[in-house]
Amino acid sequence: MLLKFAIKDFKEDREFKNLSPKTIETYMSSLNEFQEFCGKQEIVDVSDVTPNIIKNYLMYCQKERNNNVTTRNSKLHVLKIFFNYLEEIEVITQKQNPAKRIGYGKEDIKIEVFQDRHIHQMLSYYRRLKQREKSFFAYRDYTMIVFLLGTGVRLGELVNLIWNDVDLKNGTIIVFGKKRQQSSIPLTKKLIKELCEYRVFCEQTFGEIPDYVFTDVEG
């Protein structure tokens, strides 16, 4: 099977399985880059892809594209998913799966966290901005920071939050996290107060409440 057709089939399968557009976009970005690399090596068929080709591609990502080990591991993860799919639909056998035995690079992960003084600086800045300019961005960004601190939600959960999933009366929100699992998160009294003020400001700014809680200046 031609690699370009295999990638097209894979994309359609992920769409059929109702993966998020963002996830599919990530898959396709890596696979299209891999296909382009293979094309330069005159490899156009799935059966011609070997473990060495994948290793050469990852080295190309390191040396030519300056990808760090985390990015390279992410691209290898996509390739493993792709070739496992081809194995499932019997385009290749388990023995022919070129990504099967390729290991991930070792990552040194250090997460820098905000200290209390950093948080106070951010909140103080937006409080002053709110009082001085009363701009939408000042109100939105301040509320976003307070919301992240008060709930611990992920970025994707934050940007996809809609007002219908915010229950200010009972002090809870509904979010859909990894694997689209629904979770209910309690809100503190202070956060409820901040969200109420922000909601009123949004209504005054847009003339109505937008669907999404955190939007751009056009709602």
Side-chain angles (χ1 to χ4, degrees), residues 11-30 68 70-71 73-75 77-78 81 109-219:
K11 179 175 182 286
E12 291 174 351
D13 178 77
R14 301 300 110 162
E15 290 172 341
F16 175 74
K17 290 180 177 176
N18 200 30
L19 268 65
S20 72
K22 184 66 177 176
T23 299
I24 294 174
E25 181 184 343
T26 300
Y27 286 167
M28 295 308 297
S29 176
S30 294
N68 60 29
T70 302
T71 302
N73 282 344
S74 297
K75 291 180 176 181
H77 179 64
V78 172
I81 293 172
I109 300 175
K110 182 181 179 182
I111 300 176
E112 298 288 348
V113 298
F114 288 119
Q115 297 178 5
D116 287 349
R117 62 185 177 84
H118 298 137
I119 295 168
H120 288 309
Q121 284 175 348
M122 287 188 287
L123 293 177
S124 295
Y125 169 77
Y126 280 111
R127 283 196 197 99
R128 291 195 301 270
L129 206 61
K130 281 170 60 180
Q131 294 170 357
R132 186 172 68 244
E133 298 183 7
K134 300 188 182 301
S135 69
F136 169 70
F137 292 118
Y139 274 85
R140 184 201 63 184
D141 293 356
Y142 172 80
T143 309
M144 284 174 67
I145 294 172
V146 173
F147 188 86
L148 287 167
L149 291 170
T151 62
V153 298
R154 298 182 178 89
L155 177 61
E157 295 166 345
L158 176 90
V159 298
N160 288 310
L161 185 68
I162 58 176
W163 281 112
N164 284 342
D165 290 331
V166 179
D167 186 346
L168 295 173
K169 182 178 180 181
N170 294 307
T172 60
I173 60 166
I174 300 296
V175 297
F176 294 87
K178 286 188 174 181
K179 299 181 180 179
R180 300 191 180 180
Q181 292 179 335
Q182 178 178 306
S183 301
S184 176
I185 298 176
L187 303 175
T188 63
K189 289 183 179 180
K190 175 175 174 53
L191 186 51
I192 292 171
K193 178 176 177 292
E194 298 286 0
L195 284 170
C196 286
E197 291 180 5
Y198 172 66
R199 183 183 170 97
V200 170
F201 184 80
C202 286
E203 192 169 15
Q204 293 173 345
T205 301
F206 302 117
E208 60 181 2
I209 296 296
D211 291 334
Y212 287 88
V213 176
F214 300 107
T215 70
D216 60 16
V217 73
E218 295 178 355

Phe201/Thr143 under side chain to side chain contact (heavy atoms under 4.5 Å, CB included): CA gap, chis, key distance, verdict = CA-CA 11 Å; Phe201 184 80; Thr143 309; over 6 Å; no
Minimal non-hydrogen separation, Asp216 against Arg140, with atom names | CA-NH1, 4.0 Å
Quick check: are there more than 12 heavy atoms from other residues, nucleotides or ligands sitting under 6.0 Å from OH of Tyr212?
-> no
In this structure, CD of Gln204 is separated from CD1 of Ile209 (nearest 0.5 Å) by 9.5 Å
Using a 4.5 Å cut-off on heavy atoms from C-beta on, say whether the side chain of Tyr139 contacts that of Thr205.
-> no
In terms of heavy-atom contacts, Phe137 and Val217 come closest through CZ-CB, 3.7 Å
Reported CG-to-OH distance for the pair Asp141 and Tyr126, which is rounded to 0.5 angstrom = 4.0 Å
Can you name the nearest heavy-atom pair linking Pro210 to Cys202, along with the distance?
-> CD-CB, 4.4 Å
So, the side chain of Ser29 versus the backbone of Glu25: is there a donor-acceptor pair under 3.5 Å, distance only?
-> no
Exam field: side chain Asp165 to backbone Leu161, donor-acceptor pair closer than 3.5 Å | no
Separation between CG of Leu149 and CD1 of Ile119, rounded to the nearest 0.5 Å = 5.0 Å
Inter-residue atom distance Glu12.CD - Ile24.CD1, 0.5 Å rounding = 10.5 Å
Lys75 NZ to Asn73 CG distance, which is reported to the nearest 0.5 Å = 11.5 Å
Asp211 atom CG, over 12 foreign heavy atoms within 6.0 Å = no
Do Arg14 and Lys11 have side chains that get closer than 4.5 Å, going by heavy atoms?
-> no
Would you mind telling me which of Leu158, Val153, Asn160 makes a side chain to side chain contact (heavy atoms under 4.5 Å, CB included) with Val175?
-> Val153
Between Ile81 and Tyr27, which heavy-atom pair has the shortest distance, and what is it?
-> CD1-OH, 3.4 Å
Between Phe214 and Phe147, how do the two ring planes meet: parallel, tilted or perpendicular, split at 30° and 60°?
-> perpendicular
Quick one: do Thr71 and Asn68 satisfy side-chain hydrogen bond (donor to acceptor under 3.5 Å, both in side chains)? Show the steps, please.
-> CA-CA 5 Å; Thr71 302; Asn68 60 29; 3.0 Å; yes
When rounded to the nearest 0.5 Å, the distance separating OG1 of Thr215 from CD1 of Ile162 is 13.5 Å
Show which side-chain atoms of residues 186-199 pair as donor or acceptor with protein atoms under 3.5 Å away, not counting sequence neighbours.
{"residue": "Thr188", "atom": "OG1", "partner": "Leu191", "partner atom": "N", "Å": "3.1"}
{"residue": "Lys190", "atom": "NZ", "partner": "Glu194", "partner atom": "OE2", "Å": "3.1"}
{"residue": "Lys193", "atom": "NZ", "partner": "Glu197", "partner atom": "OE2", "Å": "2.9"}
{"residue": "Glu194", "atom": "OE2", "partner": "Tyr142", "partner atom": "OH", "Å": "3.2"}
{"residue": "Tyr198", "atom": "OH", "partner": "Val213", "partner atom": "O", "Å": "2.8"}

